[in-house]
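I have placed the structure first, in the form of structure tokens, so that the comments after it can refer back to it.
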Number of protein chains: 2
Amino acid sequence: MPPRKRADAVRNEQTLLAAAAEVFVRSGVDAPIREIAAEAGVGMGTIYRHFPTRADLVVAVYRHQVEACAEAGPALLSEEDSPLAALRRWVDLFVDFLVTKHGLANALQSDSSGFESLHAYFLDRLGPVCGELLDAAVQAGEIREGIQPYELMRGIGNLCIGRGDDPRYDPRRLITLLLNGLSAGAGPGDR
Amino acid sequence: MPPRKRADAVRNEQTLLAAAAEVFVRSGVDAPIREIAAEAGVGMGTIYRHFPTRADLVVAVYRHQVEACAEAGPALLSEEDSPLAALRRWVDLFVDFLVTKHGLANALQSDSSGFESLHAYFLDRLGPVCGELLDAAVQAGEIREGIQPYELMRGIGNLCIGRGDDPRYDPRRLITLLLNGLSAGAGPGDR
DNA sequence: GAACGATACGGAGCGCTGTTCCGCTTTGTC
DNA sequence: GACAAAGCGGAACAGCGCTCCGTATCGTTC
């Protein structure tokens, strides 16, 4: 066995993933390495040691975010007051994650097979989580039934395409409207 | 009326278009501005004056190339010994042009409507030219009939996708094979 | 052809970026 | 506590986009 990694290295890797995720949301996946290093409070050498290329970093953040998003689903369900509130907060996390996801295609440039498998992983992992949130909200009578997880995730994903082009376009506002539409008139008496 | 442009400015613009086309083929559409300036033998200021953004330059080269390619069709037909030879040389020009075309999407970033119209212009202008070359070669019994201009152009275009990724992949070699296949066994006795 | 604005040119210079490299620090082990 | 080994930080270098302004060229007028 190769001797296991040093504790500080492990720590730094986690810090970097979190910092990169944050910076990606703020400045896009093409953000300067310096900015990510500063956000994480580490040197640039550290980033290059952990993630030799930008694609490595983007992929790592992607996996990390998928995982975080997946784990956040059940957690939010239990800590929020209502399933709908949990769903709203989950969607918010999901939107942040989409920056990374949309940057992935460029970062991987022409490795379309790698992209496919990462995309499949995304669907397998997040689809059920989103489904749980939707079911719970339906059970609680907070949203109308009938919408599929894939449909919602895809719709949100599409609303976020091209974000940043034009300051007048704010995907989050539209997504809020979408969710409002989903809950409108969905009381117990609804059919 | 604004006074017409100075002679040297017009000359430089033409020189730049030719130089940029050349450099795009050699180094891709992301080639450093300095390299294009050097190729054209002008200063960088001159490029920025004529084409404030990279997209402006790419679009201008694109139009210029479409035009050149369109005019080259009939010219080659009359100066080459056979229609097939003319077709081969035309395809060669076309392949060079595709570098610019494929770079266009990135250069325009998110202006998809601008891209659409440029693409339509491309089809309208070059489709008929390609058709003429194909017809002439068929008439001369040099290639089999039945292939459509759009089909050929699209096929060649697709073969050129991702060029430069991998030195082992040479689109021109495959395109040569394609043309050989088009002419194989297309003698007068063929039916 | 001489003189003179207007126009265009060239390239040094600035600021920002990716990437490397090596002296220094921290960690785990004996 | 001592000492490799592993890891870290960030100065330094190189390449790039873009601007700015002194200089050269052009077109016009006499």
* Rounding to a whole Å, what distance do you find between A:Ile47:CD1 and C:dT19:P? -> 11 Å

* To do: Could you check A:Arg89, A:Arg172, A:Arg26 and say which one makes a salt bridge (charged side-chain N to carboxylate O under 4.0 Å, His left out) with A:Asp96?
  => A:Arg172

* To do: Respond yes when some side-chain nitrogen or oxygen of B:Asn12 is under 4.0 Å from OP1 or OP2 of C:dC9, and no when none is.
  => yes

* Interatomic distance, B:Leu16 CG vs C:dA8 C1' [rounded to whole Å] -> 12 Å

* Asked: The side chain of A:Asp8 lies closest to which of these nucleotides: C:dC9, C:dT19, D:dC8?
  -> D:dC8

* To do: Kindly compute the distance separating CG (B:Leu134) from CG (B:Leu182), expressed to the nearest 0.5 Å.
  => 7.0 Å

* Give, for atom CG of A:Leu16 and atom CG of A:Leu57, the distance between the pair rounded to the nearest 0.5 Å. => 7.5 Å

* Structure fact -> A:Ile36 atom CD1 is separated from C:dT19 atom P, nearest whole Å, by 12 Å

* **Shortest side-chain distance from A:Arg49, nucleotide among D:dG7, C:dT27, D:dC26** => D:dG7

* Determine: side-chain N/O of B:Arg54 to OP1/OP2 of D:dC18, distance under 4.0 Å, yes or no. => no

* Asked: Given that A:Val10 and B:Tyr48 both sit by DNA chain D, which one's nearest nucleotide is further toward the 5' end?
  -> A:Val10

* **Among D:dC18, C:dA8, D:dA5, the one nearest A:Arg6 by side-chain distance** => D:dA5

* To do: Specify the residues of residues 27-35 of chain B, ordered by number, for which at least one heavy atom lies under 4.0 angstrom from an atom of DNA chain C.
  => B:Arg34

* Structure fact -> Taken to the nearest whole Å, NE2/B:His50 to P/D:dT19 is 16 Å

* Would you kindly give the CZ-to-P distance between A:Phe51 and D:dG7, to the nearest whole Å? => 13 Å

* So does B:Arg88 pair up with B:Glu80, basic N to acidic O under 4.0 Å? -> no

* Using a cut-off of strictly less than 4.0 Å, decide whether B:Thr46 has a side-chain nitrogen or oxygen near OP1 or OP2 of C:dG10. => yes

* **Donor + acceptor pair across side chains of A:Asn12, A:Thr15 (<3.5 Å)** => no

* **Among D:dC18, D:dC8, C:dC9, the nucleotide that comes nearest once only the side chain of B:Met44 is considered** => D:dC18

* To do: Check the distance between C:dG18's C1' and A:Asp56's CG and give it to me in whole angstrom.
  => 15 Å

* Quick one: does A:Leu152's side chain get under 4.5 Å of A:Gln148's, heavy atoms only? -> no

* To do: Run the ring-centre check on B:Phe122 versus B:Phe97 and record whether the distance is less than 6.0 Å.
  => yes

